[in-house]
Amino acid sequence: MNPLLQRTELPDFAAIRPEHVGPALDVLLVDAEAALERAVGPDVAADYDVLAAVLDPALERLRSAWAAVGHLQAVADTPELRAAHAANQPRVIDFYTRLGADARLFAKYQAVAAGPGAAQLAPAQRKALADALRNFVLGGAELQGAARARHAAIHDRAGALSQQFGDHVLDATDAFSLWVADEAELDGVPDDVRAAARTAAAAAGRDGWRLTLQAPCYVPVMQFARHRPLREAIFRAYNTRASEFGPAALDNGPLMRELLELRHEEAALLGHDTYAHLALVPKMARSPGEVLAFVRDLAGRARPHAKREVADMREFATRELGLTDLQAWDRPYVAEQMRQACYALSSQEVKQYFTERRVLPGLFRLVESLFGVAIREDSAAVWHDSVRFYRVWRGSEPVAAFYLDLHARAGKRSGAWMDDCRARWRRPDGSLQLPVAHLACNFAPPVGDRPSLLSHDDVITLFHEFGHGLHHMLTQVDEIAVSGISGVEGDAVELPSQFMENFCWEWDVLQRLTGHVETGEPLPRALFDRMVAARHFQSALQLLRQCEFALFDMRLHAEPGAATRVQQVADETSAEVSPLPPPPDYRFGNSFTHLFCGGYAAGYYGYAWAEVLSADAYGAFEEAGVFDAATGERFRRQILEVGGSRPALESFRAFRGRDPQIDALLRHQGLA
């Protein structure tokens with residue numbers, strides 16, 4: 001009766017309990033171990049299909065069950081679930097480390113590649129085989145003796161540290177409360193945010209207002225609160241999370257140092273100069289030097305524009321707001337006031353037109369018209385009553401499904417993400433497992449009868465994550481190792497997500513997904529025109545921020561000794577890139593989950609790298625028409641359906657007919 005062991009289409013999320021985790025893994029790890037031993041034994045031929053038939057079923061059952069546990073910890077964390085995850089993570093990591101470094105299995109795959117049947121493999125199988133051989137080398141299959149044991153120990157320790165890093169950020173975020181007794185201190189804060197803060201205080205049995213570091217509270221307070229001490233207090237709390245300025249038990253500083261040291265040690269064991277060199281092996285970029293040059297080139301192009309943006313901000317703050325010493329906690333507020341003054345545009349005004357109940361159907365209709373599918377709500381066991389479940393259809397056939405978890409709450413990781421619940425896979429018995437995605441955001445939940453309101457940035461985030469979901473769900477590749485997002489280079493995986501963002505700036509699209517919260521009227525043309533006019537407002541500063549993160553990441557992983565001077569590297573990177581130096585206690589690295597527990601180590605540059613691809617790809621729609629069915633079908637067939645079954649550059653060329661051009665990125669950023 002263990003729900004993690006049930007052979008069902010979907011996990012029974014409502015039934016999974018912490019006490020199920022250990023017993024389920026007792027079974028699944030034994031089965032996976034047995035499959036591995038059988039695969040490397042003499043009775044199994046060095047044949048691609050035969051090996052897949054032996055290994056894939058047991059490995060997919062293990063992966064799916066452990067993914068369900070990890071997903072629940074990200075969206076519905078409890079002390080008991082966290083303890084169960086932590087207790088079992090070492091043995092899961094141990095198995096996968098041994099699997100990826102198994103010299104016997106490596107030799108068998110080498111025999112497959114050298115055998116006469118290799119030439120007859122389908123293209124997706126050839127790509128999966130090549131990736132597997134590369135990953136065996138990266139996984140330490142060529143290591144011997146003490147080096148092999150040390151490599152396994154590194155993976156075990158790094159997995160535990162990464163989990164702790166994310167737990168610390170979540171705990172530091174959830175632990176913070178700023179209690180406001182005097183409503184005058186909330187002057188300027190939007191009514192819906194005040195109402196939510198009032199409700200939060202009442203739920204805690206207190207009068208007044210409770211402010212938190214959850215995005216639906218933090219972002220509008222920073223943008224609209226006129227009370228400067230309030231902005232400073234919440235800014236400092238947010239940007240010192242999990243650092244030495246908070247509880248020592250939640251300080252991520254020591255974890256960052258140890259993780260970086262372990263990564264560099266792993267790289268050395270595998271014969272690479274630095275971890276950055278190791279991490280780039282499966283990516284499009286060829287060397288850390290190429291990445292650094294790319295990022296610094298982008299920063300150099302953006303900096304003159306950014307300096308003008310800063311000068312304008314300082315002048316406006318002094319003239320209109322009486323702020324002669326512009327500080328970090330003033331910038332979102334000043335920027336919002338400038339946007340209103342220069343473009344007669346308030347993000348709060350715009351927000352009234354983006355209700356969740358209008359945005360979702362509008363997004364779905366766009367996807368349906370572009371890619372020839374239908375999205376229909378269905379029922380499934382979920383982990384929270386606000387979560388919804390949908391199936392994706394093409395004609396009368398289902399092709400995929402997804403869970404939609406949009407609202408912020410305690411126990412849920414911050415940010416937004418798409419994750420793999422099930423991958424498309426043709427099982428050895430010929431049956432087809434359809435892909436299932438998790439789509440998670442952290443938008444403000446409804447308050448009473450008032451629906452959830454999304455900022456335009458929230459809408460862009462939703463489209464971004466849905467782009468990842470389309471990449472995962474619309475694949476037509478049956479080979480599990482390269483279906484959907486699997487096997488896609490890490491610096492190209494953001495192409496579909498960033499591509500989808502562009503539709504959020506199209507008049508015909510916004511007409512379909514807006515309706516004023518009070519009147520139901522769609523977004524007025526005059527307001528849209530002001531939004532477009534302000535689209536590139538401070539875009540150079542935003543691009544420089546992205547470059548700063550990417551440079552910080554690459555330097556940490558490409559420079560020997562960087563582990564001992566993480567904050568120094570952060571300060572140096574800010575000095576090199578940012579025209580607005582942060583305060584001395586700024587500790588963004590301590591909550592940089594992308595790098596330390598999110599799989600983007602030495603890969604954060606991929607957002608900008610992939611934006612070159614996505615901006616250029618969207619140019620095809622600009623040329624043919626945003627709703628051009630033929631262009632949408634070509635994008636689906638050449639980008640989304642092929643997944644990781646061929647190199648990303650080949651897919652881009654097949655869609656666009658040429659190599660990508662950086663000018664498209666600069667044009668979309670307003671910097672051409």
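None of these values were measured; they are calculated from a predicted model.
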Atom pair [atom1] ([X]) and [atom2] ([Y]), whose distance is rounded to the nearest 0.5 Å:
| X | Y | atom1 | atom2 | value |
| --- | --- | --- | --- | --- |
| Q164 | L161 | CD | CG | 5.5 Å |
| L595 | H557 | CG | NE2 | 6.5 Å |
| D174 | L213 | CG | CG | 9.0 Å |

[X] side-chain N/O to [Y] backbone N/O, donor-acceptor pair under 3.5 Å:
| X | Y | answer |
| --- | --- | --- |
| D94 | R91 | no |
| H227 | P229 | no |
| H168 | A249 | yes |
| D553 | F549 | no |

Review point. Stepwise, does the side-chain hydrogen bond (donor to acceptor under 3.5 Å, both in side chains) test hold for H151 with E265?
Key: CA-CA 9 Å; H151 183 264; E265 185 182 357; over 6 Å; no
Checklist entry - Is the shortest distance from a Lys or Arg side-chain nitrogen in E576 or R296 to a carboxylate oxygen in the other one below 4.0 Å? => result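 Result for this pair is yes, salt bridge flagged.
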Are [X] and [Y] linked by a side-chain donor-acceptor pair shorter than 3.5 Å?
| X | Y | result |
| --- | --- | --- |
| R257 | T564 | no |
| S497 | E501 | no |
| H272 | E266 | no |
| E548 | S574 | yes |
| Q214 | T173 | no |

field: Pairs involving residues 65-90, ordered by first then second residue, that meet ring-ring contact (aromatic ring centres under 6.0 Å, His included) (sequence neighbours left out)
entry: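 Listed once each, the pairs are F13-H71, W66-H85, H71-W383, H71-H438.
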**Message:** I want to know whether Y605 and Y607 have ring centres closer than 6.0 Å.
**Reply:** no
Only distances under 3.5 Å count here; give the side-chain donor-acceptor pairs of residues 288-295 to other protein atoms, sequence neighbours excluded, each with its distance to 0.1 Å.
residue	atom	partner	partner atom	Å
E290	OE1	R286	N	2.8
E290	OE1	R286	NE	3.3
E290	OE2	R286	NH2	3.3

Please collect all salt bridge (Lys or Arg N to Asp or Glu O under 4.0 Å) contacts where either partner lies in residues 578-596, sequence neighbours excluded, each pair once.
->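 For residues 578-596, and leaving out neighbouring residues, the salt bridge (Lys or Arg N to Asp or Glu O under 4.0 Å) pairs sorted by first residue read R236-D585, E244-R587.
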